[in-house]
Amino acid sequence: MTDATLPAEDAKLVTLARATRARTGAAEGAAVRDLDGRTYAAATVALESLSLTALEVCVAMAIASGSRGLEAAVVLTAADGTPDLAAVHEFAGADVVVHVGDHRGTLR
């Protein structure tokens, strides 16, 4: 699926994830939309004392803001393979749409 065929709200998530990753220079950028339509965007946290994927940060932000679940997520990463979706699935279930793309925002 390309940005052109994505629903507008999911394309917005790609833009948010891409901008967050570019701004921080992090390994990953992610964005999620909760059940109320609120969006959260984050980058990877890589400290000696704390290591979180961009998607884990987004899920934590949503939970801390009182979200009841997620509608969709985007993860942009230079890494090969499937990102760890455990936090998304534990919080919002396995039916959440998760788009995965490269660090430029091109979806796989």
Side-chain angles (χ1 to χ4, degrees):
M1 186 175 284
T2 65
D3 281 0
T5 59
L6 277 179
E9 289 299 310
D10 289 358
K12 176 182 172 184
L13 294 178
V14 172
T15 299
L16 290 169
R18 186 174 46 228
T20 300
R21 189 193 164 282
R23 183 176 58 252
T24 63
E28 291 181 348
V32 300
R33 183 177 60 257
D34 73 9
L35 297 176
D36 294 322
R38 295 176 295 190
T39 57
Y40 306 89
T44 307
V45 174
L47 303 172
E48 281 188 38
S49 62
L50 179 64
S51 180
L52 298 168
T53 68
L55 192 54
E56 289 170 335
V57 176
C58 285
V59 170
M61 291 169 61
I63 292 169
S65 295
S67 176
R68 297 171 288 119
L70 301 177
E71 289 182 350
V74 168
V75 180
L76 303 180
T77 180
D80 292 330
T82 303
D84 185 356
L85 304 178
V88 170
H89 291 165
E90 181 178 344
F91 174 54
D95 294 335
V96 175
V97 174
V98 180
H99 303 285
V100 179
D102 66 18
H103 63 284
R104 293 179 308 272
T106 304
L107 300 179
R108 299 180 196 160

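Position 1 is the first residue of the sequence; numbering continues from there.
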In terms of hydrophobic clusters joined by side-chain contacts under 4.5 Å, are [X] and [Y] together?
X     : Y      : value
Leu52 : Leu76  : no
Val98 : Val14  : no
Leu55 : Leu107 : no
Val74 : Met61  : no
Leu13 : Val75  : no

Would you mind reporting whether Val88 and Val59 have side-chain heavy atoms less than 4.5 Å apart?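 Touching, per the 4.5 Å side-chain cut-off.
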Do Thr77 and Arg21 have side-chain heavy atoms sitting under 4.5 Å apart?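 No. Closest side-chain heavy atoms not under 4.5 Å.
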Nearest heavy-atom pair of [X] and [Y]: which atoms, and what distance?
X      : Y     : answer
Ala54  : Gly29 : CB-C, 3.8 Å
Arg108 : Gly81 : NH1-O, 2.6 Å
Cys58  : Tyr40 : SG-O, 3.5 Å
Ala43  : Thr24 : CB-OG1, 3.3 Å
Phe91  : Ala62 : CE2-CB, 4.5 Å
Val96  : Ala73 : CG1-N, 4.4 Å

Once rounded to the nearest 0.5 Å, what's the spacing between atom CD1 of Ile63 and atom CD of Glu90?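 Going from CD1 on Ile63 over to CD on Glu90, the span is 7.5 Å.
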Nearest 0.5 angstrom please: Glu56 CD to Asp84 CG, how far?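 It comes to 6.0 Å.
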Hey, does the side chain of Asp36 reach the backbone of Arg38 with a donor-acceptor pair shorter than 3.5 angstrom?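 Pair absent, no side-chain N/O of Asp36 close to backbone of Arg38.
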For the pair Thr106 (side chain) and Asp102 (backbone), establish whether a donor and an acceptor sit closer than 3.5 Å, ignoring hydrogens and angles.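 It does not hold such a pair.
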Can you check side chain to side chain contact (heavy atoms under 4.5 Å, CB included) on Glu71 and Leu35, steps first, answer last? CA-CA 6 Å; Glu71 289 182 350; Leu35 297 176; 3.8 Å; yes
Apply side chain to side chain contact (heavy atoms under 4.5 Å, CB included) to His99 and Leu6, showing your working. CA-CA 10 Å; His99 303 285; Leu6 277 179; 3.4 Å; yes
